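Every chain is numbered from 1 and lettered A, B, ... according to where its sequence line falls, protein lines coming before strand lines. The structure presented is a predicted model; accordingly, all values stated were derived computationally and were not measured.
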Amino acid sequence: MRLHLKVWRQRDADDRGAMASYDVDDASPDMSFLELLDVLNEKLTVEGEEPVAFDHDCREGICGACSMVIDGQPHGPEKATTTCQLHMRHFSDGDTITVEPFRAGAFPVVKDLVVDRGAFDRIIAAGGYISAPTGSAPDAHAVPVPKDQADRAFTAAACIGCGACVAACPNGSASLFLGAKITHLGELPQGQPERNSRVLAMVDEHDAAGFGGCTNTGECAVACPKEIPLDVISQLNRDYLAARKARRRSA
Amino acid sequence: MSYADFTLGAPVADAAAPDGPIETRWERRRFGVKLVNPANKRKMHVIVVGTGLAGGSASATLAELGYRVSSFCYQDSPRRAHSIAAQGGINAAKNYRNDGDSVHRLFYDTVKGGDFRARESNVHRLAEISRQIIDQCVAQGVPFAREYGGLLDNRSFGGAQVSRTFYARGQTGQQLLLGAYQALERQVDAGGVTMYPRHEMLELIVVDGHARGIVARDLITGETRSHLADAVVLASGGYGNVFFLSTNAKGCNVTASWRAHRKGALFANPCFTQIHPTCIPVSGDHQSKLTLMSESLRNDGRVWVPERKGDDRDPNLIPEAERDYFLERQYPAFGNLVPRDIASRAAKNVCDEGRGVGPGGLGVFLDFAEVIGRLGRPAVEAKYGNLFQMYQRITGEDPYQVPMRIYPAVHYTMGGLWVDYDLQSTIPGLFVVGEANFSDHGANRLGASALMQGLADGYFVLPSTIGDYLATAKHEPVDPDHPAVRAAEDDVAQRIDTLLSIRGTRTVDSFHRELGHLMWEHCGMERTEAGLRKALDRIPELRKEFWETVLVPGTGVELNQSLERAGRVGDFFELAELMCLDALHRNESCGGHFRAESQTPDGEAARDDENFSYAAAWEFTGRGEAPVLHKEDLTFEYVAPTQRSYK
């Protein structure tokens, strides 16, 4: 396959950045999109140009490192697929493909296609956990969890923290990411004691990090490679209102 | 003297190992450990390198205990460590199924599965702790699979005859890691852990014989600087990427361990690598990594190749009589469920005979037609739907219609830095946890045991044993201008300068691919003296070429991913040589290590307990210089060594 790539190049956080055009003449339909970039980078290196920087690690769709917008869509055109699992057989010979970083106010570009998603860690640090210091746990069977609740918790917990939801959102909101963690922990009996404090602290951190508000556009759930359902945002809003009310009462 | 002419040094002894009845050893060791006064813990500083299951759980737990922790990872977030990709599950001797499981049985299975090359004491402790791990993870909110009654579900895994594997669909590693990550972030918020993401450890700082810090590079700015502490914990994972193609993440590397090895930590059993039988085969020269398909598929899939060489008909058109279900034929008792090393080698053998399928003839069929016929497609979909989807996404083939193609790939490394019972290396103050150490799996790791070991080390073992070191060592702070600190910083700077100034003609990846190919050919599933000697001749030549002609673009003061890779590949060259030497010296077959010269008349691995019942711990003496072998003799008081048989 012959492919034309238009790739975002930006030296560092302060650089303005611009699109650059490259041709790859020997792409194979069995390559993943990242392997296509590998081929491009090998070529650039040998030609004395700087290779394109991009985040990637596991290359099997679970670590959440890869983060590029391909032809305007986070992770590209295939549904429920991360960039590393997107294969070139979904493109046609002669295609022009644009590649940009995940763009959002809270995800500053570090270099080329690499962005800083540290705000996600800060949101988790604010309250995305159950306080259970090592050694303090009762027997695992002490608290049964109904299967449907456990399944719903799992579905939400499958989030890989890639940030495609933020990149897809016209408001740059991380509500899907946030709602996924609220739903995961809120479904479980172990998560109840901190349910109110968790949602309040996480939402505060989300807003402070510069993520926008949710206006129910739903682009996030479409872009999500793990198909986190949109209703985790309803859960987030319900929990947030309940927690605010509870706080007012106790004040 | 050539590299292969290693010398024999003094035996290495596990000084921390308690004796007495095995069931009480861990309890007695815990009681024997000196405690650190809570007020003093705040003054003590521990560096943890790596944030996978072992490193993440260790950092969180140490901070909960009150220590000051600095935690490093090369990824942009601690949540991305490669433990996240573990699919199958985690073993624990809970006996919730009442099917005869016990701590002793898990201990027994693990010692036997490791082909009698692991320490009994360590393995018993692992089996004991396995139960607490499940409790801990459930309390953290890990969404394990459950039954309708609300209790935890279990499955049997990797040929075990009891159901002791806990799982969260095909994403158990992800869920366990997120539990540890969340506990870690909680401590970041509380101020107990300072997190250094996108930082790579490039050197260990040893002051007066004790590990006192690391030199790390900030991967964004390129700044290298030293970080000093009272103890250093390496949780930097395995070294499977020496083969270039493996199921590891692209960034997984040996640098942290290798730098410690160069500074005096012994490296044990480097040739013990695990090849996983069920991976998606290579599709072309562009291949950058291999993807594992969960072992659970072998519960229902039947492995076969065409009876006839070069039979390239559509598999669905090959009649039953012309198929060779070679695992069922060779191992009638276990069939498709034989352990990983045996299944891998059998697949290699039929491919070597020219009966492999797919591109290059490097693949065998894993066929679900029988189970789809028996249970119906919906039942198969419920069980394996996500795996079938993954396969289809990568290969473009529908496994409901045509059999999957699989081939073995490097998956896990049992070898690693030598540690004693306390998980302390031969450098005082340097502790090693998880896949980075060598201790618990012997020559072969059982399915669903890696997650168990990582979390046992990080949550429960290290946080106890490191206290003994910290309470006794009582270190004065290290002066940042100490000559040992300066020397370590200078070494790092010089190495980076060298890599950037060569400006040769060959890319880092092209060297890495060639090295990987060499290792796969000669130090992969089957090893021979001739092959290993060939590799030992070729590796130093290739290493020399690397240091003369590698092309690393860019500078050292920016995000430079080529430079990161170059440093890692530089260390892989040295490790590769040691792996081949270890494989050459161990003239027996055991677990994942198969020496063609040491097999039974019917082609099975022949262990040689008389000559090789020891862990081989290697001492570094200089790049390309013959290393020194220190043996740790293994004794078996509770599980009598037997030849494994799965016929």
Whatever's closer than 4.5 Å to a heavy atom in chain A on B:Ile134 counts as both
Which region of B:Gln87, side chain (C-beta onward) or backbone (N, CA, C, O), has a non-hydrogen atom less than 4.5 Å from a non-hydrogen atom of chain A, or is it both or neither?
-> side chain
Report the option among [options] that has the most heavy-atom pairs separated by less than 4.5 Å from atoms of chain B.
{"options": "A:Ser32, A:Cys84, A:Pro144, A:Ala156", "result": "A:Pro144"}
{"options": "A:Leu44, A:Asp148, A:Asp30", "result": "A:Asp30"}
{"options": "A:Gly127, A:Ala13, A:Ala140", "result": "A:Ala140"}
{"options": "A:Ala158, A:Ala126, A:Gly135, A:Ala153", "result": "A:Ala158"}
{"options": "A:Val46, A:Val143, A:Thr81, A:Leu185", "result": "A:Thr81"}
{"options": "A:Lys111, A:Lys181, A:Glu187, A:Arg89", "result": "A:Arg89"}

Nearest 0.5 Å, what's the [atom1]-[atom2] distance between [X] and [Y]?
{"X": "A:Thr134", "Y": "B:Phe460", "atom1": "OG1", "atom2": "CZ", "result": "6.0 Å"}
{"X": "A:Asp139", "Y": "B:Tyr96", "atom1": "CG", "atom2": "OH", "result": "3.5 Å"}
{"X": "A:His87", "Y": "B:Ser283", "atom1": "NE2", "atom2": "OG", "result": "6.5 Å"}
{"X": "B:Ile394", "Y": "A:Leu86", "atom1": "CD1", "atom2": "CG", "result": "12.0 Å"}
{"X": "B:Thr555", "Y": "A:Glu50", "atom1": "OG1", "atom2": "CD", "result": "7.0 Å"}
{"X": "B:Asp285", "Y": "A:Asp26", "atom1": "CG", "atom2": "CG", "result": "10.5 Å"}

Would you check if the side chain of [X] reaches a backbone N or O of [Y] as a donor-acceptor pair within less than 3.5 Å?
{"X": "B:Glu185", "Y": "A:Gly128", "answer": "no"}
{"X": "B:Glu147", "Y": "A:Lys147", "answer": "no"}
{"X": "B:Arg79", "Y": "A:Gly64", "answer": "no"}
{"X": "B:His82", "Y": "A:Asp57", "answer": "no"}
{"X": "B:Gln175", "Y": "A:Ala157", "answer": "yes"}

Nearest non-hydrogen partners of [X] and [Y], listed with the distance:
{"X": "B:Ser562", "Y": "A:Pro51", "answer": "OG-CG, 3.6 Å"}
{"X": "A:Asp151", "Y": "B:Arg169", "answer": "O-NH2, 3.9 Å"}
{"X": "A:Asp121", "Y": "B:Ser77", "answer": "OD1-OG, 2.8 Å"}
{"X": "A:Ala53", "Y": "B:Leu559", "answer": "CB-CD2, 4.2 Å"}
{"X": "B:His286", "Y": "A:Ser28", "answer": "CE1-OG, 3.6 Å"}
{"X": "B:Phe144", "Y": "A:Ala150", "answer": "O-CB, 4.4 Å"}

Is the closest side-chain heavy-atom distance between [X] and [Y] below 4.5 Å?
{"X": "B:Arg80", "Y": "A:Arg117", "value": "yes"}
{"X": "A:Glu60", "Y": "B:Lys289", "value": "yes"}
{"X": "A:Glu78", "Y": "B:Arg393", "value": "no"}
{"X": "B:Pro143", "Y": "A:His184", "value": "yes"}
{"X": "A:Arg59", "Y": "B:Ser288", "value": "yes"}
{"X": "B:Asp76", "Y": "A:Asp116", "value": "no"}
{"X": "B:Asp135", "Y": "A:His141", "value": "no"}
{"X": "A:Asp12", "Y": "B:Glu558", "value": "no"}

Please state whether the side chain, the backbone, both or neither of [X] comes within less than 4.5 Å of a heavy atom of chain B.
{"X": "A:Ala27", "result": "neither"}
{"X": "A:Val114", "result": "side chain"}
{"X": "A:Val145", "result": "both"}
{"X": "A:Ile160", "result": "both"}

As an exercise: rank [options] by heavy-atom pairs under 4.5 Å with chain A and give me the winner.
{"options": "B:Arg131, B:Gln132, B:Gln140, B:Gln174", "answer": "B:Gln174"}
{"options": "B:Leu551, B:Leu152, B:Thr291", "answer": "B:Leu152"}
{"options": "B:Ala139, B:Gly149, B:Ser57, B:Gly251", "answer": "B:Ala139"}
{"options": "B:Pro197, B:Gly173, B:Gly396", "answer": "B:Gly396"}
{"options": "B:Asn560, B:Thr395, B:Asn248, B:Asp509", "answer": "B:Thr395"}
{"options": "B:Pro463, B:Ala168, B:Ala183", "answer": "B:Ala168"}

May I ask you to check whether over 12 heavy atoms, not counting those of B:Arg503, lie within 6.0 Å of atom CZ?
-> yes
Any chance you could lay out the side chain to side chain donor-acceptor pair (under 3.5 Å) test for B:Arg186 and A:Ser131, step after step, and finish with the verdict?
-> CA-CA 8 Å; B:Arg186 174 170 167 258; A:Ser131 298; 3.0 Å; yes
Would you call B:Arg198 and A:Asp55 a salt bridge, taking side-chain N to carboxylate O under 4.0 Å as the test?
-> yes
Please walk me through it: do A:Ile130 and B:Gln182 pass side chain to side chain contact (heavy atoms under 4.5 Å, CB included)?
-> CA-CA 8 Å; A:Ile130 289 168; B:Gln182 287 164 199; over 6 Å; no
